[in-house]
Amino acid sequence: MTPEAPEASGAGHPAGLFITFEGGDGVGKTTQSALLEEWLAARGRTVVRTREPGGSEVGVLIRDIVLHHRGEVTPRAEALLYAADRAHHIETVVRPALERGDVVIQDRYLDSSVAYQGAGRVLGREEVRDLSLWATGHLLPDLTVLLDLDPSAARKRLDADDKPFDRLESEQSAFHDSVRTEYLALADAEPDRFLVLDASRVAADLATDIQGRVQSILDADAADGAVGSAD
Ligand code: TMP
């Protein structure tokens, strides 16, 4: 069997844009996703804001197991649960939105699995990535924003929220250090896809940097469209 090549989202649905936010727990992904949604909507784009795990009805059930089950979930079972959530979510929510030409802003995607299950649970980068690529028909984001923060600083933010920790948040600091190291290695390996930002900066400044990068992708798409239509 010949392996399929990973597909940047633009290849299968020219008008859509697939943007993912990644980083450890408590780094500010939700805030930045919301600010980007607002910015794009003000520019007339239809935005679908979603997340993994839990971006579909089936996903909500899977999210409950992976984050809140009180007994053991073995590492391979955990990886498969995230992959199952992803497979269903991409097919039923994300691909249809991209095919309509919408912008999909997604909190976490396959890089979370590579960092948390591949490095944190030590299942291995390649196998976990291949599992997600198989699950999604090889869909890669056009842009992945990595919000990088020292896990001890992120932990202070989570403590301040005063909410009970879920299964992953409850892991030891060595786990979260491995996750962070893996994220940075992933970004190094794919510099064109990743925008890495220091998440200790002020939220409004981070938002400006993200908007700048998204604008340049939109400009490049518009220029491609103009070239295409001149043919
Ligand atoms: P969050 O939605 O509050 O960020 O919580 C999701 C948790 O699940 C977070 O701790 C990261 C973890 N996670 C994985 O371990 N693997 C994955 O593939 C995804 C999407 C999330």
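Note that ligands are numbered from 1 as they come in the structure, with each ligand's atoms numbered from 1 the same way.
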Could you verify whether a donor N or O on one side chain and an acceptor N or O on the other, from Tyr116 and Arg108, lie under 3.5 Å apart? yes

Should Glu190 and Arg129 count as an ion pair when the cut-off is N to O under 4.0 Å? yes

Please determine, by modelled atom types, if Ser113 and Arg86 share a side-chain donor-acceptor pair under 3.5 angstrom. yes

Pair Tyr183-Glu22, side-chain donor/acceptor within less than 3.5 Å: yes

Let me know which protein residues bring a heavy atom to under 4.0 Å of ligand 1; chain then number is fine for ordering. Asp25, Glu52, Pro53, Arg63, Leu67, Tyr82, Arg86, Arg108, Ser112, Ser113, Tyr116, Gln117, Leu168

So, for Arg155 and Glu169, which heavy atoms are closest and what is the spacing to 0.1 Å? NH2-O, 2.6 Å

Can you tell me if Arg76 has over 12 outside heavy atoms packed within less than 6.0 Å of its CZ? no

